[in-house]
There are 4 protein chains.
Amino acid sequence: MFFASDNWAGAHPNICKALTKHSAGFSPAYGTDALADRVKARFDEIFERETAVFFTSTGTAANALALANYNVPGAVAFCHREAHLREDECGAPEFLAPGSRLRIVDGPDGKMSAKNLEVEINNVLDFGISGGKPAFVSITQATEAGTIHTLEEIDALAKVARRHELPVHMDGARFANALVALRCSPAEMTWKNGIDVVSFGGTKNGCWCAEALVFMNPKHAEQFAFLHKRSGQVISKARFIAAQFEAYFEDNLWLELASHANDMAALLENTINASNQLQMAWQRQVNEVFVIADRLDFEKMQAAGAKLYDWPTPYGLENHVADNKVIMRLVTSFATTPEEIKAFAHLTE
Amino acid sequence: MFFASDNWAGAHPNICKALTKHSAGFSPAYGTDALADRVKARFDEIFERETAVFFTSTGTAANALALANYNVPGAVAFCHREAHLREDECGAPEFLAPGSRLRIVDGPDGKMSAKNLEVEINNVLDFGISGGKPAFVSITQATEAGTIHTLEEIDALAKVARRHELPVHMDGARFANALVALRCSPAEMTWKNGIDVVSFGGTKNGCWCAEALVFMNPKHAEQFAFLHKRSGQVISKARFIAAQFEAYFEDNLWLELASHANDMAALLENTINASNQLQMAWQRQVNEVFVIADRLDFEKMQAAGAKLYDWPTPYGLENHVADNKVIMRLVTSFATTPEEIKAFAHLTE
Amino acid sequence: MFFASDNWAGAHPNICKALTKHSAGFSPAYGTDALADRVKARFDEIFERETAVFFTSTGTAANALALANYNVPGAVAFCHREAHLREDECGAPEFLAPGSRLRIVDGPDGKMSAKNLEVEINNVLDFGISGGKPAFVSITQATEAGTIHTLEEIDALAKVARRHELPVHMDGARFANALVALRCSPAEMTWKNGIDVVSFGGTKNGCWCAEALVFMNPKHAEQFAFLHKRSGQVISKARFIAAQFEAYFEDNLWLELASHANDMAALLENTINASNQLQMAWQRQVNEVFVIADRLDFEKMQAAGAKLYDWPTPYGLENHVADNKVIMRLVTSFATTPEEIKAFAHLTE
Amino acid sequence: MFFASDNWAGAHPNICKALTKHSAGFSPAYGTDALADRVKARFDEIFERETAVFFTSTGTAANALALANYNVPGAVAFCHREAHLREDECGAPEFLAPGSRLRIVDGPDGKMSAKNLEVEINNVLDFGISGGKPAFVSITQATEAGTIHTLEEIDALAKVARRHELPVHMDGARFANALVALRCSPAEMTWKNGIDVVSFGGTKNGCWCAEALVFMNPKHAEQFAFLHKRSGQVISKARFIAAQFEAYFEDNLWLELASHANDMAALLENTINASNQLQMAWQRQVNEVFVIADRLDFEKMQAAGAKLYDWPTPYGLENHVADNKVIMRLVTSFATTPEEIKAFAHLTE
């Protein structure tokens, strides 16, 4: 019963096969090989436009370097209070984009509200030079609360950003999970609604280690090669990441794996709804299920071998969770099986 | 005829098998799994002491984070003019160790001389606070010139460092190649002769992507976990690096692969020595061969499909290379075959 | 009618006399002269203990370097939402303390509550390495809202910090104004209640340019000289700052000037209270008066030549200020005269 | 006998008078007052063009922020081995321009040679992304060796820089001393020969604390206000620096003071030349005299109360100074008197 995180899973067999297949022979290092070119062309097809693609070894690096790419003196970046880059990356964004700062924009369901974004940008501008320079907006899709922004919500946030000439970043550690849930195209979830750059995550969805920073407009990335190199993110045998992505995209494997993970979460949701002792904290949208449980029940489940974490009470729910209750997060992945869900269901009876 | 670099090779079959084998099942993320523990214990055995081991995705990151770990206000780090961290990492050391600076220590054969190290440390100290604070010494083993420090040379440099209470780093991107050439133990090449921390490279020697920073004294690494995370180097599915190292160490695969690469370079050296048109620039010691050639011959070889680079004339040789000559670098790897050397030999006839 | 800020005033005549007096002759540069020593000894007397004192040219530099002195990998610093170092320094703290981050602790009256401080520290700790490392707490005294922490409040915040082994900083840009209002000793307002380091401001209270970072425990400052130098804050003719402080402390000039500024603010408060159109936003405590006014009245005053700013509505008051109202901030200084207050009173009739 | 440095002198009486005169009354803070505007207009007159002027409190800050203004990812800055910003600023340039690096360009007499500048730029470019991005060239005028670049030399260096689209900075801590020695106009010594930005020093030449960064093209400085603020260099009562500059420029005081300092150095040079025991190390050009002396004589002079420092043997002279000899540096200033030179002459008899 592994629901701790989708990065507890290993790698899909096709990914391993690709690594084995490409392990023979010689090819240029540092991402200048033919396979890398082919994979980058594949990204262009998927996003229906010319993009600039850079591989990174972690999502943290992708997020931080996205900010770094748009860093200016006095830069202030806007994100949700619970954004991964604020709470869970040990300050990587501020570190890899020196002198930049994150500023909280509140909103329910793990999402910034467009109205609050406008307010916070203006709060900074009101202080003039002393306040710093608004420089970046980051949206997490799917959010840390397992929710997804609708295309309208993305558009609304991007419009505020555009009004202030700010680039918009999408932290897509779970890009595929959000995409299949929204039933839209990658282009629609991104540049057609105002996104400039995406942290495109493959690792959580069945790769070993495959993340990419995808700039919707290659002109934005003109200095990026230097940022990439100087932060230690230019993998020497870069075809090793390219090979994973090639397999990931082949025959829409990536969409299939994400659909499976989401479906498993739906099954889990049914289990929760059928249970007397548990209660959905809010509605599931992708492959994460947040559940309100008695603290004792939570501990019992852990003792019974279920791998899952309790989760900080999010903004907007502070007053609705009783003291003897916890919010548990359960994450499914490409590797989750119906059997595991059934085993968990037994614990909730 | 691939002699451009050892990172043009792919991965050894055993490495791929290990990745496939460990791809199934679930295990904790971020390097807290049992396999990671097992591999770290293996490092302890290899180095004959308790160490602290952290995986990174690139050698650049390992080098820069080694410096970052010992960074202090005003830090000055000492390295050779041709050190990889000075010439070939786009400023990653200074960037990931903010406010630090590299200072050149000259010496022949790609190695700092102990005497010059003492001089340069004192040059900084003479300026007091304004000069900054000596903080770090980095040795490359094998060097960028394909030479190796003898144990005595390592000891002599470390003694100077020790006198000034400076930690000593070894950039071991080609650690295994140097080790088998020196016919000593990892302990002898490191802590027994004064090394505090090693960038331990596996990638160039047959892995896909496996680098580790190895602290000889775990006490030195007490804050390292934060440095590691905030620079985007904590791989989520960390077992994928651990798996590579497990296979790398099994049955001394790593030493075997390095020996093979060195042997192939020896074969290449013989070829050069037998040639009329080519001349060894200096003696080969590991898996890199530096050759003086007519510029025209160099271009002819490239045109004939040989993959190899010309190389900047190193310190100490400036006046000995004629204007119409180039220095070519040829690198062999675990994947180089005698057939390839023969094919190259044909070009030199 | 100059109420825009206390840094719109010039310098007290005694400060100018001191500069003239010390302008003759030669003495060692960079703060190593006898006058600097004498002034540092004076700080020790004032704080009733051995301190370590470093001059800076701005309060922003003093604040940022205080944080830099305690910077560690992953550092998270805690301060109030409205703290000067968060809102008004263009990111100087995060910039001069690379990789550090400020985290908001809310509380009414411009002050963090001790309870919220505990909560926020634990929020960071709950995320482990990913959350970063709590490293610093900063209190502003007097606050940006012109309020002051009582000794009990300072003690309560410091106790939380101490429990987590965090150093406590006091941003004392208006140290003297708070001190005379509290009628306590500098020792009581600082180290006797848990403060480790003070940004001690002289500029706003009658100096030209005289700020000092005062470490209550010199051991804390062992590496500070390097931080000081590398951030461009070591004034070459340092006696120029020392001379100002010498005059500032002589015959308690500093306390006298602060008392005068506070008294003028009290007079202003009376004026407000006597007015029909204006209303104190909250009670005055030092030399800043916050007033709720009709937006139209505010604009009329500005048009009549009164120099004063409107101010962002602070935390806790959001719902109490009507849309057609503004909060105006009026600041008095050593140079404010009763005549000026009277002139302003005419505007409010 | 104070020859340790020109920053051991105090301030000229006119500077003190200006501070006293401008200490009364109120005016806007942070450099937005009428006096600041007037002084900036004065800079435009002096440089015969529209400039952008920013005050700093130290020359170190001015130098480092000049680099910061042109910082790009992977930036490599070129300067002489003995440049103040390399040897004497505790890493401030690399710190305030995060991720940037200084690269040595050698040349005799404390000056880079244009040929070596070209070579070093190409050395970086040869490594591609890994080598980093040439971004900045810094010339010191007068140099740390007390020599001056001729207009032709400035032009030659700037032409190399221009060919690579690099901005050229002049560290003018002793701008006035060089200017009067060259008998040219400020425009000729700067933008008419390719200089883009000047660290314009007033402190060493009779001010208390007055440095300015002067951009020859205001367009270059469009983001500078944020750099200025976030490094803690925006003085709140900025008119105190403006007041110094106003007096400094009035009736060409600055040129007069620099001429005096240079003349005193000429007198000192005569003294040295007349002495049997001392010998000029190289020819004096501004207000610094470098002298070869027996170590014993040097120590005797110090014992007799002469304040002066020995100096590291510069590049190009290493083999010409015997082991029992030292190079002494003697610096004169606006405050040096002929009497003091005479007293020193007695020591050399």
Side-chain angles (χ1 to χ4, degrees), chain C residues 2 4-5 7-13 15-17 19-30 33 56-65 89-92 94-96 98 203-204 207-209 225-241 243 307 333 335, chain D residues 2 4-5 7-13 15-17 19-30 33 56-65 89-92 94-96 98 203-204 207-209 225-241 243 307 333 335:
Chain C
F2 290 93
S5 178
N7 58 30
W8 282 45
H12 189 270
I15 300 297
C16 295
K17 271 180 220 153
L19 286 176
T20 303
K21 172 181 156 196
H22 286 289
S23 69
F26 296 83
S27 70
Y30 302 123
D33 57 303
T56 67
S57 60
T58 63
T60 292
N63 287 342
L65 290 178
E89 301 185 346
C90 196
E94 293 91 342
F95 180 65
L96 294 177
T203 307
K204 284 189 159 78
C207 292
W208 265 130
C209 172
F226 294 100
L227 292 169
H228 198 206
K229 182 72 188 174
R230 83 167 180 191
S231 53
Q233 285 292 332
V234 177
I235 308 284
S236 61
K237 295 182 177 174
R239 60 174 141 150
F240 134 80
I241 292 188
K307 300 294 182 192
S333 76
Chain D
F2 290 93
S5 178
N7 58 29
W8 281 45
H12 189 270
I15 300 296
C16 295
K17 271 181 223 154
L19 285 176
T20 303
K21 171 182 158 196
H22 286 290
S23 69
F26 295 83
S27 69
Y30 301 123
D33 57 303
T56 67
S57 60
T58 63
T60 293
N63 287 341
L65 291 178
E89 301 185 346
C90 197
E94 294 92 341
F95 179 65
L96 294 178
T203 307
K204 283 189 161 76
C207 292
W208 264 130
C209 172
F226 294 101
L227 292 169
H228 198 207
K229 182 70 188 176
R230 82 168 181 192
S231 52
Q233 284 292 333
V234 177
I235 307 286
S236 60
K237 295 182 178 174
R239 61 173 140 154
F240 108 84
I241 292 189
K307 300 295 182 192
S333 75

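Since the model is a prediction, treat every value here as computed from it, not as a measurement. Letters A, B, ... are given to chains in the order of the sequence lines, protein chains preceding strands, and every chain is numbered from 1.
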Can you tell which part of [X] gets under 4.5 Å to a heavy atom of chain D, answering side chain, backbone, both or neither?
X      : result
C/T20  : both
C/A9   : both
C/A335 : both
C/S333 : side chain

Heavy-atom pair count under 4.5 Å with chain C, highest-scoring of D/C207, D/A62, D/S236, D/A29: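 Highest number of pairs under 4.5 Å: D/A29.
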Closest-packed option against chain C by number of heavy-atom pairs under 4.5 Å, given D/S23, D/A64, D/A92: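 Of the candidates given, the most pairs with chain C belong to D/S23.
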Determine the option with the most heavy-atom pairs under 4.5 angstrom with chain D, choosing from [options].
options                    : result
C/T56, C/T60, C/L19        : C/L19
C/F226, C/F2, C/F95        : C/F95
C/A4, C/G232, C/G59, C/P28 : C/P28
C/I241, C/N63, C/T58       : C/T58
C/A24, C/A61, C/S57, C/P98 : C/S57
C/C90, C/C16, C/G25        : C/C90

For D/L96 against C/S231, the heavy-atom pair lying closest together: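 Where D/L96 meets C/S231 most closely, the heavy atoms are CD1-O, 4.1 Å.
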Minimum heavy-atom distance between C/W208 and D/R239, given as atom pair plus value: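 For C/W208 versus D/R239, the nearest heavy atoms are CZ3-CG, 3.8 Å.
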Proximal component of D/S5, with respect to chain C [non-hydrogen, under 4.5 Å]: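 Nothing of D/S5, per the 4.5 Å heavy-atom cut-off to chain C.
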Engaged part of D/P13 at the chain C interface, taking heavy atoms whose separation is under 4.5 Å: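 Contact with chain C is absent: no heavy atom of D/P13 under 4.5 Å.
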Chi angles and distances behind the side chain to side chain contact (heavy atoms under 4.5 Å, CB included) call for C/Q233, D/Q233: CA-CA 8 Å; C/Q233 285 292 332; D/Q233 284 292 333; 3.4 Å; yes
C/T203 OG1 to D/F240 CZ distance, which is reported to the nearest 0.5 Å: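 If we round to the nearest 0.5 Å, C/T203:OG1 and D/F240:CZ are 8.5 Å apart.
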From D/K229 atom NZ to C/E89 atom CD, the distance as rounded to the nearest 0.5 Å: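 Nearest 0.5 Å value for the NZ-CD distance: 7.0 Å.
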Minimum side-chain heavy-atom gap C/W8-D/S27 below 4.5 Å: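 The answer is no, as the side chains (C-beta and beyond) never meet within the 4.5 Å cut-off.
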